[in-house]
Amino acid sequence: MSPASGTARPLVLVCEDGEEYLDRFCRFFGDEFEFVRVQDLASARTGCAGQPIALLCDMDFRRLPSGRLVDEAGATATDRTGDDARRLAEMQGALILRALRAAGVTTPALLFADIDDPARARTLEHTLQPVALVSSGEGLAAVAARLRSWAAAARRTEM
Amino acid sequence: MGKPELPLAAIAVLLIAGTVTPAAGQFRVDRAAQARRDADAGLAALRDGDPDGAVTLLRQAHAADPSNAPIANDLGYALGKRGERREAERLLRRAMELDPRWSHVYLNFADLLAEDPARWQRRDEIVAVLERGLEAVAADEAGQARVTLALVVFERSVGRLASARRRLAELLDREPGGPRPGSPGPVEVPPAVRKRAVDLATQIAGDERTRALQDWPVTSLGMADQATVKRAQQAVDGGEPERALALLAALVARLPGAVEARFVRAQALEALGRLDRAEQELAIILQLRPSHAAAWRRLGILLAVHGGTLDAERADEALRHALALEPSWQDVREQREKVAAKRPPAAAAPAAPATPPPSARARKLLDEAHQAWAAGGADELVERLAAQALAESPAYVDAAVTYHAFTGTVPETTVRALWADADALTRLAAQAQVYRPGTAVVARCLERAVALGSHDARWWRADLRAATGDRGGALTDLIEYVAGEPNPPHIDEARALRAMLMARPETADPAAEQALLALLADRPREAERLLGGPCRRELPPARLVELGRVHEYAGAAAPALDCYQLALETTGRGGAGDAAAGHAALVRLAAAAARAPVERLGALEGPLRQARRAQVPAAAWALARLEMQRKRPEMALVQIDAFLATAPPDDPARPLALSARASLSESDTALQRRRATRALVAVAALAAATLALLAWGTVRRLRGTSVSRALARRPALFPELSRAVAELRHDVLKHRASVLGMADLPRTRRQDVARALLEPRPASAVVAEIYERVAQTARGLGLTLRPLEREPAFGPVARDLQRAEAALRGESDAPLAELDRALREEHGPRLARLLTLGPRTALDAARVTGWIRAVEAEHGGPLGAGLILRDMDAQVAVDEAALFTVVANLLRNAAAAVAGTSGARLLVRIEREADVTGRQLVTVLVADSAAGTPTLAEIEQRDGQRGLGLVRDLTRRWGGHLVVRAEAAPLVKAIGACFPAAAAPA
């Protein structure tokens, strides 16, 4: 994992329980950005030390073992029951981002989720800022445009 | 004259200075002797039940003589007894290092690790340590016996029963003092080792039998699936087994652990004469639910009637199981007398591997790598040779395992080469896990192998999931593994892993389990003794029921009925499990009474009516017999009809009831006339309705129903529909179709876009599959959806994806940019709008009060429940009937909990809240003042057919989750269901 710099490809952390986002981004934008996958809060924390220019978070983590899911307080537990684990998995992306924000991580993030309730979308954007919600209606090209603008901003900051 | 003696302190100083080595020799001897004395005293203290004193003395001994293997062993043993597992293991390992040929330590090590909570994850490592021990003691026959026993002890603890059994058989085959097979020298199996080996053999046989009798967790069926099973059963009963198979195909594929559906499928297969398949189906059902008496009965009869002579033993075993579980089945009893023997069918040959064999050069390179490894060569060399072997033959699994052992990964070319070969992927993952467990590549290979349909991979993934703390995932995999085929190779380990993952039910009675085993061995007297018989008032009701069952098995109806009656009389004593025992007593009493001499039934009328109220079908048949004896044909007919409406299709009393019904109907002409008139009116009405419906229905069938209209007519479709829409938006629109907009950009390779849309299956095929699931659920609810291409919300998605796929294959020049826009801006939002059309049930005061009143009416009096609405406008996207079932069951559960307690309080509370992500939730809570609070984990284990188990399943189906909260006095706790608030209407 390398820090973002003027010459190296900018680092982007992809936080998901599978490999679908990583596969897609690497295939189309692998020559522009360095994508590194993290699967849970612990690895996301470690990944943030590499100064990524962006975090890309999936919302639903139902494939992650329940012992690695974090709750509203950012804590893991080994004895989660089916309902508790399912509830946390459904919003795990937001919970990981929430815990990162609480730890002072200010890297801009994209949260991939179809939020049909506008009030809920506003709550997420407010509590997890800087974040943008990406629905299934947003194409890959638009996602790439956002990443490029953040990469340019990161370069300007370094200069 | 000897050397002058020095004071001990002086010797110590000189020793440290290294100046008096000759004297130190003498001193070492003294210290060693003292250490031995301390060790002996320590062991004596241990024998006297003083582990603390023992540890103190043995620590002294070990400090005095740290290179003494037996002392390190004794200290490790004593620490283990005191529960200090980690320190104990360290010392036992130290003893092994000091003297690997001292065999006693391995047995202590195995005893310690056999109870280690982490033994499952560490099993390969522990077995390797013990197998190394076996090599170390190769020259010592008694030592070999001891270490073999140690391996058996440990393997038993992790469910490797086959291996443990094999080792034991070898050990016990050796005659004490006689020559060992293939060895000229005398054999020494120490008597203590032999005795323990014999005990272990008995225990392993017991383990196997007991585990084989335990049911796997129930796969609950939703309402739509239950309706499908019911229709399939009707199809079988109506002589349409093919139709039943077609109805059940998708359900069983989706829920392989659905025993009810599989049982109907077995009947359909049998009706079609596909007896081998029917037998396989029954074997899987019994693997999943060994308590399924009807499946044992059907399997036994199938083997007895259709099987050849060599099947007799299996047939009898199945019939014996059926009879032990349901002793009232007279036909099973008779069938046992007719059984003949038959040979089991030969196992199917394993499929040939799909990947090419490695080249000779690759094999040679890997041999060199293994030689270098064995010779302790540099890791880099082994890794390089394995990598070269893989470069030569990428699908070479053994080379990939070696490479993985050193790097924790596998070259991408190898993964790709094996991508279509489930067996090879499973083999790679299974072997790779032994050296480096839990790597990403192991998980990936297993995911893929499971996706390709490998049952074996399910077992390995369950193993991996259990090791990573994913208990739920592990259990799901295990159930699907057991449901996958009869007698799968890891069945013993799967049962052992289940035992680790699931807490043993508190209600399990070891004596009852042993008694059942005795019955299965055809030893009813022993079963009675194990249960503490004969029946008497002092015994708990559950035990009385089991004793009655034993009498029934032995064909003694009168004492069986006495036991059941006694059980019913004693259930009011308030013991644990009283209610369940009372119900079991009613069920058994009714079953026994249904075939008892009719003269006896008058005395049983009270309990039989009680059983009838509890909806026990056999009670209706017993009462019908009583009414017939009293010459009251109309009353008898009512009971017979009730029996025929509720008894399982397989109930052997059905033919008797049907025959009695026919004869009663004939003899009662008045009744017959009334029925004829009623039938005429019904037929006329039906004909008129049919004519009207035919015209309307024909048009409807031609058109089908759109999803939105189906939803308006059957709100129960909503859970499946919302899952389908979520899956479509996430898996298809987001992960597949979102790349379409990239196709026309200059730096994009078109084949990358094509791969995203076409591989592994075209996205349009995924849409079709998702839609078929919705259509299947709709069919279960009695609706036919339009064909996909004409469905207004799903159809355009499939259609435009097909156009895009054709363009990417080069078969057309459809405008990809336009298709991309339509999918994202039109079709996606149209799908999302379906989610706003779900049911909306307001939880207002009038509705909830009405529900409470309904439960009170059923309860037979006021519950005294209060109601608090924290939000006057709480609405949930849940069907009213489902919501009522949830609330009613929560109330019934709370009412049962407070029954008989003083100052009982019940409170229903509706709350609206938002979670940290802003999602609006509505929670229905029922609080009560009874002591004791079930945990979510306990509720997780409950039967999904009633009570909190039903609440759990129904809540999940409608997208909610259960909550258990502590409450302020005088209340104690609240149990409830939390649902997402209804979305704003479109």
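Just so we're on the same page: letters track the sequence lines, and every chain starts at 1. Side chains included, hydrogens not; waters and symmetry mates left out as well; all remaining heavy atoms used.
Of the listed residues B:Arg465, B:His735, B:Met742, the one with more heavy-atom pairs under 4.5 angstrom with chain A than any other is B:His735. Of all the listed residues (B:Asp915, B:Val739, B:Val732), the one sharing the greatest number of non-hydrogen pairs under 4.5 Å with chain A is B:Val739. Ranked by heavy-atom pairs under 4.5 Å with chain A, the first of B:Leu740, B:Leu936, B:Val963, B:Leu733 is B:Leu936. Note: A:Glu32 leads A:Glu32, A:Arg80, A:Met59 in heavy-atom pairs under 4.5 Å with chain B.
A donor-acceptor pair under 3.5 Å is formed between the side chain of A:Arg86 and the backbone N or O of B:Gly960. Listed for the A:Asp83 side chain is a donor-acceptor partner under 3.5 Å among the backbone atoms of B:Leu962.
Salt-bridge annotation for A:Asp31 and B:Arg747: present, with a side-chain N of the basic residue lying under 4.0 Å from a carboxylate O of the acidic one.
If you measure heavy-atom distances from A:Glu125 to chain B, you find no contacts under 4.5 Å at all. Only the side chain of A:Phe29 comes within contact range of chain B, judged by heavy atoms closer than 4.5 Å. There is no contact between A:Asp79 and chain B, counting heavy-atom distances below 4.5 Å. For chain B, the nearby part of A:Arg24 is the side chain; its heavy atoms alone come within less than 4.5 Å. Contacts of B:Asp752 with chain A are made by both backbone and side-chain atoms, with heavy-atom separations under 4.5 Å. With a 4.5 angstrom heavy-atom cutoff, B:Glu940 touches chain A only via side-chain atoms. Residue A:Leu95 touches chain B through its side chain alone, counting heavy-atom pairs closer than 4.5 Å.
Side-chain atoms of B:Arg444 and A:Glu19, non-hydrogen and from C-beta on, do get closer than 4.5 Å to each other. In this structure, B:Arg749 and A:Phe28 have side chains that are not in contact, with every pair of non-hydrogen atoms separated by 4.5 Å or more.
For residues 136-144 of chain A, a heavy-atom distance under 4.5 Å to chain B picks out A:Ser136, A:Gly137, A:Glu138, A:Gly139, A:Leu140, A:Ala141, given by residue number. Within residues 110-122 of chain A, the residues having any heavy atom under 4.5 Å from a heavy atom of chain B are, by residue number, A:Phe112, A:Ala113, A:Asp114, A:Asp116, A:Asp117, A:Arg120. Within residues 60-74 of chain A, the residues approaching chain B closer than 4.5 Å by heavy atoms are, in numerical order, A:Pro65, A:Ser66, A:Gly67, A:Glu72.
Residue A:Arg27 holds its CZ atom at 12.0 Å from OG1 of B:Thr748, rounded to the nearest 0.5 Å. Within the model, atoms CD of A:Glu90 and NE2 of B:His961 stand 9.0 Å from one another, a figure rounded to the nearest 0.5 Å.
With sequence neighbours excluded, the residues that form a side-chain contact (heavy atoms from CB on, under 4.5 Å) with B:Asp800 are B:Arg803, B:Leu819, B:Ala822, B:Leu823, B:His827.
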**Stepwise side-chain contact (heavy atoms from CB on, under 4.5 Å) test for A:Asp58 and B:His730** = CA-CA 10 Å; A:Asp58 193 6; B:His730 183 269; 3.6 Å; yes

